[in-house]
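Worksheet: the structure to be examined is printed underneath.
When a ligand or atom number is given, it counts from 1 through the structure's own listing order. Side chains included, hydrogens not; waters and symmetry mates left out as well; all remaining heavy atoms used. This one's a predicted model, so the numbers in the text were calculated from it and none came from an experiment.
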Amino acid sequence: MPARGRRPSARLAPSRLPPEGEESVIRHRPSEGAVDRARELRATMTEAELKLWSMLRGKSLGDTKFRRQAPIGRYIVDFLAPATKLVIEADGGQHSVEADAERTAFLEAQGYRVLRFGNAEILREPDAVWRSIEAALRGDHPHPLAARVASPLQGEEALPPLAGSVEAGASFADFIWFRTGGAAEWLVRPRDAADLAQFLGALDPAVPVFPVGVGSNLIVRDGGLAGVTIRLPKSFAKVSIEGDTVRTGAAAMGITVASAARDAALAGLEFLRGIPGTAGGAVRMNAGAYGRDVADILVEATVVRRDGRIETLPGSAFGFSYRHSALPDGDIVVEALFRGQPGDKAVIAAEMDRIAAEREASQPLRSRTGGSTFKNPPGHKAWALVDAAGCRGLMVGGAQVSEKHTNFLINTGTATSADIEALGEEVRTRVKAQSGVELEWEIQRVGKA
Ligand SMILES: Cc1cc2nc3c(=O)[nH]c(=O)nc-3n(C[C@H](O)[C@H](O)[C@H](O)COP(=O)(O)OP(=O)(O)OC[C@H]3O[C@@H](n4cnc5c(N)ncnc54)[C@H](O)[C@@H]3O)c2cc1C
């Protein structure tokens, strides 16, 4: 049977989704119809799902029992160990990474831990996958492809107390868009801004701190990332309207912010519809499209500084330039206030639909990618330079220059971060040789090779 992507049918029809804001009160309660749908899915499992299922049924796991195609709220997860609240998902090559990020965020908000494995990984490296599942059941979770990082910290006791959660050795490959990369030495999810502030204030200043959104513009190298990685949970994703402005938590996705503005008939934020990252990542990157960027709409943002101070800074303090802000490393954006202008809801909605359709037609949205790889050099389009240098479809290991959009690199299913970065460097070399132009990486690259 050919490897298939996550089946869209694994979700319930949108009309059955709970109204916005209701998610957080659902506790592992199947939606209407989910039980029938789960039964149907059990009968049509993919090859990778069958392989995983035979492992989960056949190997000794003590008292742990897994169920397959288990309904949780509005989703049906591939495998669930109810007693340990461990969810295991098999991802196909052609699935929506953005939708998976939302799905994972929902499940984590309900207290589930989610392990994702690519179909190719399950079929080719079942032993490594099995070791990873065993480790997760023991309470630690080194991803099979994730190396431990050299630690500047001396064990968890070196970390200040936190009301949120701390995870050692969490794999970036489980949630970032490329689905590659090593482990975070410590992945910290603060409960709220005050929790984050007291944590950072008490953390040894020598420890590096890295904020991550959903990794839609990020390569984490295979050796992992030392220090503390901050991932803001769903409690930082609230969006509200205040007059002509939209106040958003930094973990809210661009599409959520744009949709809230549309519903309030506020124009000017439509471009966020096409940016599949968080509001915090968008501020840090000065994300933009169609001639507008965050610098045009940011009134102010609240930042928890590396030393634990909470400050609300005007947009002008961010030193924005093309896909860049001067936000110091280790500072975390926790909230942003964006300005819109009163507009016509139907016109705003039509513009957002146009953006969505245009993106779908021109970008590899259903692949494991990292957005625009290189910044557009002054007077040039990066994609055109890459194309002219003959790099369309070029491969290094499991990484490939997208055939659909040559400024996108994709993980075809088996790439490592080293493959992706080496491919990017090869493209830079060829473009320089062909056109004399030196491309600059837009994708952020962090961690140890
Ligand atoms: C298919 C696709 C299309 C894209 N199209 C566009 C586009 O049109 N225009 C565009 O500008 N970008 C685009 N991108 C890139 C990306 O979506 C944006 O850069 C986005 O703003 C990154 O958000 P993120 O949450 O994924 O950040 P990440 O990728 O997780 O992180 C990116 C950087 O932001 C920092 N960061 C993340 N969260 C915070 C925070 N809360 N506080 C401080 N720093 C933080 C990280 O440390 C890192 O340096 C695209 C990406 C993809 C995959």
Around atom 47 (O) of ligand 1, find the nearest protein heavy atom and jot down its residue, atom name and distance.
Pro211 O, 2.5 Å

Of all the heavy atoms in Asp329, does at least one lie under 4.0 Å from an atom in ligand 1?
no

Please confirm whether Val334 approaches ligand 1 to less than 4.0 Å, judged on its heavy atoms.
no

Measure the distance from atom 34 (O) of ligand 1 to every protein heavy atom, then report the residue, atom name and distance (to 0.1 Å) of the closest one.
Arg284 CG, 3.3 Å

Going by the atom numbers of ligand 1, which of them fall below 4.0 Å from some non-hydrogen atom of Gln363?
1 (C), 3 (C)

Could you find the nearest protein heavy atom to atom 33 (C) of ligand 1 and give me its residue, atom name and distance?
Met285 SD, 3.7 Å

In terms of residue, atom name and distance, what is the protein heavy atom nearest to atom 12 (N) of ligand 1?
Glu442 OE2, 4.2 Å

Kindly indicate whether atom 50 (C) of ligand 1 is approached by any protein heavy atom to under 4.0 angstrom.
yes

For atom 26 (O) of ligand 1, what is the closest protein heavy atom, and at what distance to 0.1 Å?
Ser216 OG, 2.6 Å

Can you list the atoms of ligand 1 that are under 4.0 Å from a heavy atom of Ala282?
21 (O)

Output the list of atoms in ligand 1 that are nearer than 4.0 Å to some heavy atom of Gly371, sorted by atom number.
2 (C), 50 (C), 51 (C), 52 (C), 53 (C)

Looking at non-hydrogen atoms alone, which of Ala287, Pro276, Gly277 comes nearest to atom 14 (N) of ligand 1?
Pro276

Between CD1 of Ile420 and OG1 of Thr373, what distance do you get to the nearest 0.5 Å?
9.5 Å

Counting from 1, what ligand 1 atoms have a heavy atom of Asp331 closer than 4.0 Å?
43 (C)

May I ask you to establish whether Arg231 and Phe175 are in a cation-pi arrangement, using a distance under 6.0 Å from NZ or CZ to the six-membered ring centre and at most 45° from the ring axis?
yes

Classify the side-chain pair Tyr290/Glu358 by whether it contains a donor and acceptor separated by less than 3.5 Å.
yes

Close-contact set for ligand 1 against Asn217 heavy atoms, below 4.0 Å:
15 (C), 16 (C), 19 (O), 29 (O)

Take every heavy atom of Phe271, measure it against each atom of ligand 1, and state whether any distance is under 4.0 Å.
no

List the closest protein heavy-atom neighbour of atom 6 (C) of ligand 1: residue, atom name, distance to the nearest 0.1 Å.
Arg359 NH1, 3.8 Å

Test of understanding: given a 4.0 Å heavy-atom threshold, classify the contact between Ala289 and ligand 1 as side chain, backbone, both, or neither.
side chain

Does this structure show an ion pair linking Glu403 with Arg392, if we count only N-O contacts that are shorter than 4.0 Å?
no

Shortest non-hydrogen contact from Ile122 to Val129?
CA-CG2, 4.1 Å

Measure the distance from atom 27 (O) of ligand 1 to every protein heavy atom, then report the residue, atom name and distance (to 0.1 Å) of the closest one.
Gly281 CA, 3.8 Å

So, Glu270 and Arg292, do they make that salt bridge, N to O below 4.0 Å?
no

Flag if over 12 foreign heavy atoms under 6.0 Å of CG, Asp329
no

Go through ligand 1 atom by atom and flag the ones less than 4.0 Å from a non-hydrogen atom of Leu365.
1 (C)

heavy-atom search around atom 31 (O) of ligand 1 in the protein gives Gly213 N, 4.4 Å

Please enumerate all residues that pass side-chain hydrogen bond (donor to acceptor under 3.5 Å, both in side chains) together with Gln198, with sequence neighbours excluded.
Asp195

Gly288 near ligand 1 by a heavy-atom separation under 4.0 Å:
yes

Where's the contact between Leu327 and ligand 1, heavy-atom distance under 4.0 Å: side chain, backbone, both or neither?
side chain

From CG (Leu200) to CG (Asp307), nearest 0.5 Å
8.5 Å

Atom pair CZ (Phe338) and CZ (Arg247), whose distance is rounded to the nearest 0.5 Å
11.5 Å

Which atoms of ligand 1 have any heavy atom of Gly215 under 4.0 Å away?
26 (O), 28 (P), 29 (O), 30 (O)

In Å and rounded to the nearest 0.5 Å, what is the CG to OG distance from Leu298 to Ser316?
9.0 Å

Under 4.0 Å from a heavy atom of Gln444: which atoms of ligand 1 are those, numbered in the order shown and with their elements?
33 (C), 48 (C), 49 (O)

Indicate yes or no: at least one non-hydrogen side-chain atom of Ile219 is less than 4.5 angstrom from one of Trp177.
no

Shortest non-hydrogen contact between Ala399 and Ala415, atoms and distance:
N-CB, 3.7 Å

Is it true that Arg262 and Glu351 have a side-chain N and a carboxylate O under 4.0 angstrom from each other?
no

Go through the structure and list residues passing side-chain hydrogen bond (donor to acceptor under 3.5 Å, both in side chains) with Thr416, not counting sequence neighbours.
Asp419

Using heavy-atom distances, let me know which of Val333, Asp293, Leu232 sits nearest atom 42 (N) of ligand 1.
Val333

